[in-house]
Structures are given as C-alpha cells and as structure tokens.
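The next block holds one structure in the form of structure tokens; read it before the comments.
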Amino acid sequence: MHAQFQRAVFLTAASDLRAAPPDEGFEVAFAGRSNAGKSSAINAICHQHRLARTSKTPGRTQQLIFFRLDDQRRLVDLPGYGFARVSQAIKANWQALMGRYLRQRGCLRGLVVVMDIRHPLTEFDRQMLDWGIAATLPMLLLLTKADKLKHGAQRQTLAQVRRAVGEIAGSSPVPVQADLFSASSRLGLDAVQQHIADWLALPTEA
Ligand code: GDP
C-alpha cells in the first residue's frame, strides 16, 4: 500500500543537529535501547534487509541516521543507548544530542520507541517518554520481539504497558500508544506502517 517505504535510502548521518538535513517536510524518528530491535523494525517497515544496520558497535551510537523516503519525508534512526560501560562523557553527549533533536526539530511528526517486549519501560524508555511528552510529540511504543512470548503473555504485557503509559502520559495533549510488533513474524507491521504513513501524511499509492 505504501510503496514509499520500500524506496527508503540512506541520506546522511549527523553527529550534530547542524549537520542534519534542512528542517523541513516531515520526519518520524525511531528510538530504542541498544539491542531492543530498532534496526530490525526499521528494516521490516521498509521491506529491506540492510537499510538500518543491525549492529552493536558502540561507536555508531552517537549519530542521527537519516533515511529519505521522498523529497519531503524522512525516517530517522536515533542513537541507541544502554551499553553498560559507556563513559559519563558519552552519556552526556548522547543526552544533549537527543534532547536537542526532540525539542528543536520542527519537522518531527512522531516518535516510535522500540522496546523488547521482555524488558519494557526501561529507564531509557521512560526518559524517551518524558522527552516526547515535554516536546508534545505523538508517540508509538512498539513492543517488539513479540514472537518470543506466547499469545497470552503478549496481551498481558501490552495491557500492563498501556496502563503504565496511561499513568505517565495521562495529561499529555498528544496521543501515546502502545502496540505489539515482531520483525520476525511481521506481527503489527501493517498497523505501524499505517501509523507512520499518517504522521508523514504519505499519499496512498494504488
Ligand atoms: P538494535 O540494536 O535495537 O538496532 O537491535 P537489532 O535490530 O540489531 O536487534 C537486536 C537482536 O534482536 C538481533 O539479534 C535481532 O536479530 C533480534 N531481533 C530483532 N527483532 C526481532 C524480532 O522481532 N524477533 C526476534 N525473535 N528477534 C529479533
């Protein structure tokens, strides 16, 4: 339905907002603790295998990676976080970059927070939620690797996360939603594509 996702190509990597593409058009960003499954989610959404690199190299964690869908629309892979031994300096740099991007990026229309369904709402995820709420960003929390749990446990975790998010984001003027996802089984793929397409105002193609 949304063939634009398949046309996603790497545009640029920026370690600072000044190196980012011009702040115009529409962007949807992906955040996730390292190893949560963010790259796999981006690749599944774009029907590509190697667009976002499923890599665990700490050196790559400090850049914003921009993928172009068309002249006006981009997906952004935000730096992951969660390596046990990163220095305070790297952590501070990461926080500053993420904070600036989420607060100042005018074209940002929505934030997808990817969480491993077996470890939802980590400190990282709560920080993202706080930043997103402060920036009045619509958010979608993806409980990925859902295939790792049985159906009943999936639904139970989803209900718990929705309850917790309701408490955290109860007074948020913008929607914060949570859904199941699996890059392996493609559970939830259509729904997340539709969500992002709406945020990006993607025209439907025949
Ligand atoms: P990232 O660091 O957040 O970008 O995480 P990756 O996408 O590199 O995934 C981390 C690990 O989880 C890799 O070994 C993936 O193969 C695995 N993984 C990612 N998504 C899924 C999923 O939906 N199901 C399962 N079973 N494994 C997944």
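Start at 1 and go down the list; that is how both ligands and their atoms are numbered. The chain is numbered in sequence order, starting from 1. Since the structure is predicted, the reported quantities are computational estimates derived from the model, not experimental observations.
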Contact (N/O only, under 3.5 Å) between Gly37 and ligand 1: yes
Contacting atoms of ligand 1, where contact means under 4.0 angstrom from a heavy atom of Asp147: 22 (C), 23 (O), 24 (N), 25 (C), 26 (N)
Donor on one side chain, acceptor on other, Ser40 and Asn43, under 3.5 Å: no
Residue Ser39 vicinity, atoms of ligand 1 by number, heavy atom under 4.0 Å: 1 (P), 4 (O), 7 (O)
Where ligand 1 meets Ala36 - atom numbers and elements under 4.0 angstrom, heavy-atom basis: 3 (O)
From Lys145, Lys38, Met115, Arg33 - option closest to atom 12 (O) of ligand 1 by heavy atom: Lys145
For atom 20 (N) of ligand 1, the option (of Ser184, Ser40, Ala146) bearing the nearest heavy atom: Ser40
Donor-acceptor pair, side chain of Gln48 and main chain of Gln6, under 3.5 angstrom: yes
Per-atom contacts, ligand 1 versus Thr144 - under 4.0 Å to a heavy atom: 23 (O)
Any Leu158 side-chain heavy atom under 4.5 Å of Ile117 side chain: no
Stepwise side-chain hydrogen bond (donor to acceptor under 3.5 Å, both in side chains) check, Gln194 with Asp198: CA-CA 6 Å; Gln194 189 57 55; Asp198 290 345; 3.0 Å; yes
Candidate list Leu111, Leu108, Leu140, test side-chain contact (heavy atoms from CB on, under 4.5 Å), partner Trp199, passing option: Leu140
Location of contacts on Val114 toward ligand 1, heavy atoms closer than 4.0 Å: neither
Separation between OG1 of Thr144 and CZ of Arg118, rounded to the nearest 0.5 Å: 9.5 Å
